[in-house]
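Just below is one structure, and these are the notes that go with it.
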Amino acid sequence: MPQTPQEVLQMIQDQDIKMIDLKFVDLPGMWQHCSFYRTQIDEASFVDGVPFDGSSIRGWKSINESDMAMVPDPNTAWIDPFMKEPTLSMICSIQEPRTGQPYDRDPRTIAAKAMQYLASTGIGDEAYFGPEPEFFVFDGVRFDQAENKSYYYVDSIEGRWNSGREEADGNLGYKPRYKEGYFPVGPADSMQDLRTEMLLTMAQCGVPIEKHHHEVATGGQGELGFRFVPLVQAADYMLTYKYVIRNVAKKHGKTVTFMPKPLFNDNGSGMHTHQSIWKGGKPLFFEAGTYANLSTLAKHYIGGILRHAPALLAFTNPTTNSYKRLVPGFEAPVNLAYSQGNRSASIRVPITGMNPKAKRIEFRCPDATCNPYLAFAAMLCAGLDGIMNQIDPGSSLDVDIYDLSPEELSKIPSTPGSLEKALEALESDREFLTTSGVFSEDFIDNWIGYKLDNEVNPMRLRPHPYEFALYYDA
């Protein structure tokens, strides 16, 4: 992979690439792109950026100040495997064309600021993140919302609900039972080859791949894994991950969703996020002989995550659907505690033996509807606040949560029950994000307003189909 603008331009010439596709992330976390003929990209493009209209991007500029510039990162160059004409893809950060300064509402810029903040504290010089996004592969999806109707319908050849369906070639069964989809071999796991193609295509795009497997839920739930990398790169890889999986699925006549809870009464899709801080090439989270071999610095990092978790979830679990996953049961990490084995705790400390480089903490609340640049940056800010203020995370939660009495359970704080509650927490608990300059007050106000206006309030206005079952004859 090229590392410099000169190497990118040489690659374009050597491989006779005619099209260059520039991608950037919008406020909610979706890739946007524009393709340019190769003569439009030169060395100056990597400094001054390529102009575009920012007023049409969600949550960004108004129409009277729409000019913006996307600045490609040469380290992100790869040949797009889904374009008919050979096309070089690069990920961009956004800057103000008049001043040349980074745009303060650009999520990738915010992630870079988080890394600069880490260095400025002297605590460390690298933060590694390893997300584990889960998803569903469906054969089809239909949904609609109008004044007089509301419905959704998803289907999968693997769906247990289809065990009695008449199928063209005969129903052969082999449909994972509810909550029993974890690690079955074929023929119950019918998507082995599809996930392998997804994983190998990710590798073509420069992502350091590791594994793939079926997940717990019926109906085609899966997960692909890639190696932990520095924060900004991890967010880049997350969007590459989603791009590849969706396009490979589409090629095979299937559709993918990262919605946390697309199915009722089975496990949802999360994005457990592993993280650690290093300095001078040395990991800082390991200390032999302590609880889970965690250093004091790591425990304070955990303390920061737990203290600020209600506000963090406004970025890590940013949809109304996110909170249909974060309910007790279904292995949901709703308890704001840490443990080296309890998967209902929001922070798990993976068992890594005596290898200091493997020592990390795993925040289990996030889901893949988040904007990864914002989510990772916010988690790092919370952890650093815990370190600088020596926040004690309290005792670990190593018991079976389901054996606790109601009185014992009431003493364990839990995650917010809705997006609205998470946004309220962010409104009142934001200093850990803003005092460092990583997030601006304007950005947070804009985020809260966007989420309320476009998601929370529209959901509040519309009757839910299940309400007809409950109340139609009341």
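FYI, side chains are in, hydrogens and waters are out, and symmetry mates aren't considered; it's all heavy atoms of this structure.
No side-chain heavy atom of L199 sits under 4.5 Å from any side-chain heavy atom of Y241. Contact of the T87 side chain with the I79 side chain is not registered, since no non-hydrogen atoms from C-beta on lie closer than 4.5 Å. Taking 4.5 Å as the limit, some side-chain heavy atom of P28 sits within range of a side-chain heavy atom of R58. Between V438 and L433, the closest side-chain pair of non-hydrogen atoms is not below 4.5 Å. When side chains are defined from C-beta on, L326 counts as touching N317, because their heavy atoms get closer than 4.5 Å. Contact check for M83 versus D21: side-chain heavy atoms found under the 4.5 Å cut-off. For the pair H272/P366, no side-chain contact is recorded, criterion being any heavy-atom separation below 4.5 Å from C-beta on. E420 places a side-chain heavy atom less than 4.5 Å from the side chain of R460.
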**Message:** Q340 vs S396, test: side-chain contact (heavy atoms from CB on, under 4.5 Å). Steps then yes/no.
**Reply:** CA-CA 8 Å; Q340 60 181 338; S396 60; over 6 Å; no
**Prompt:** Can you check side-chain contact (heavy atoms from CB on, under 4.5 Å) on F376 and M238, steps first, answer last?
**Reply:** CA-CA 11 Å; F376 298 164; M238 258 301 302; 4.2 Å; yes
**Request:** Carefully, step by step, assess L336 and I412 under the rule side-chain contact (heavy atoms from CB on, under 4.5 Å).
**Result:** CA-CA 7 Å; L336 294 179; I412 303 172; 5.9 Å; no
**Item:** Residues Q275, M379; criterion side-chain contact (heavy atoms from CB on, under 4.5 Å); working and verdict
**Value:** CA-CA 9 Å; Q275 48 205 283; M379 282 185 264; 3.4 Å; yes
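Residue pairs meeting the salt bridge (charged side-chain N to carboxylate O under 4.0 Å, His left out) criterion with at least one partner in residues 142-156, sequence neighbours excluded, are D144-K149, D155-R165. Evaluation of the ring-ring contact (aromatic ring centres under 6.0 Å, His included) test over residues 300-323, restricted to residues two or more places apart or in two chains, returns F285-Y301, H308-F432, F315-F439, F315-W447. The salt bridge (charged side-chain N to carboxylate O under 4.0 Å, His left out) analysis of residues 231-249, with sequence neighbours excluded, yields the pairs R108-D236. Screening residues 310-320 for salt bridge (charged side-chain N to carboxylate O under 4.0 Å, His left out), with sequence neighbours left out, gives no hits. Listed by first and then second residue, the salt bridge (charged side-chain N to carboxylate O under 4.0 Å, His left out) pairs involving residues 200-213 amount to none (not counting sequence neighbours). Listed by first then second residue, pairs satisfying ring-ring contact (aromatic ring centres under 6.0 Å, His included) with a partner in residues 206-226 read Y182-H213, F183-H213, F226-Y237, not counting sequence neighbours.
In summary, the aromatic rings of W60 and F24 are positioned with their centroids under 6.0 Å apart.
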Return a table of donor-acceptor pairs under 3.5 angstrom between the side chains of residues 127-136 and protein atoms on other chains or two or more places apart.
{"from": "E132", "atom 1": "OE2", "to": "H274", "atom 2": "NE2", "distance (Å)": "3.2"}
{"from": "E134", "atom 1": "OE1", "to": "G270", "atom 2": "N", "distance (Å)": "2.8"}

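One finds a salt bridge joining R364 and E362 here, because a Lys/Arg side-chain nitrogen approaches an Asp/Glu carboxylate oxygen to under 4.0 Å. Using a 4.0 Å cut-off between charged nitrogen and carboxylate oxygen, D445 and R430 count as a salt-bridge pair. Comment: E223 does not engage R195 in a salt bridge, judged by the lack of any side-chain N to carboxylate O separation of less than 4.0 angstrom.
K175 places a side-chain N or O within 3.5 Å of a backbone atom of I157 that can act as its donor or acceptor partner. In this structure, the side chain of R325 does not engage the main chain of N321 through any donor-acceptor pair within 3.5 Å. With hydrogens and angles disregarded, a donor-acceptor distance shorter than 3.5 Å links the side chain of H464 to the backbone of Y466. With hydrogens and angles ignored, the 3.5 Å screen pairs a side-chain donor or acceptor of T218 with a backbone N or O of P176.
When each of E85, K23, H33 is checked for a side chain to side chain contact (heavy atoms under 4.5 Å, CB included) with D80, only K23 meets the rule.
Closest approach of K113 and D104 over heavy atoms only: NZ-CB, 4.3 Å. Among all heavy-atom pairs drawn from W161 and G219, the shortest one is CH2-CA, 4.1 Å. L426 approaches A314 most closely through the heavy-atom pair CD2-CB, 3.8 Å. Across every non-hydrogen atom of M70 and C92, the tightest pair is CB-CB, 3.7 Å. Residues I448 and L423 come closest through the heavy atom pair CD1-O, 4.0 Å. Closest heavy-atom contact between N267 and A217: O-CB, 3.5 Å.
Take F82 and apply the ring pair (Phe, Tyr, Trp, His ring centres under 6.0 Å) test, not counting sequence neighbours, and it matches Y243. Shown here are the ring pair (Phe, Tyr, Trp, His ring centres under 6.0 Å) partners of Y338, two or more places apart in sequence or in another chain: Y291. Among residues two or more places apart in sequence or in another chain, the ring pair (Phe, Tyr, Trp, His ring centres under 6.0 Å) test is passed with Y152 by none. Partners of A77 by side chain to side chain contact (heavy atoms under 4.5 Å, CB included), not counting sequence neighbours, listed by chain and number: P2, V8, L88, M90. Residues passing the side chain to side chain contact (heavy atoms under 4.5 Å, CB included) test with K251, sequence neighbours excluded: E197.
Put simply, OG1 on T319 and CE on M259 are 7.5 Å apart, with the number rounded to the nearest 0.5 Å.
The number of heavy-atom neighbours closer than 6.0 Å to CZ of R105, taken from other residues, nucleotides and ligands shown, is above 12.
There is a side-chain donor-acceptor pair under 3.5 Å between S190 and E158. Between S156 and D139, the side chains place no donor N or O within less than 3.5 Å of an acceptor N or O (distance only, hydrogens not considered).
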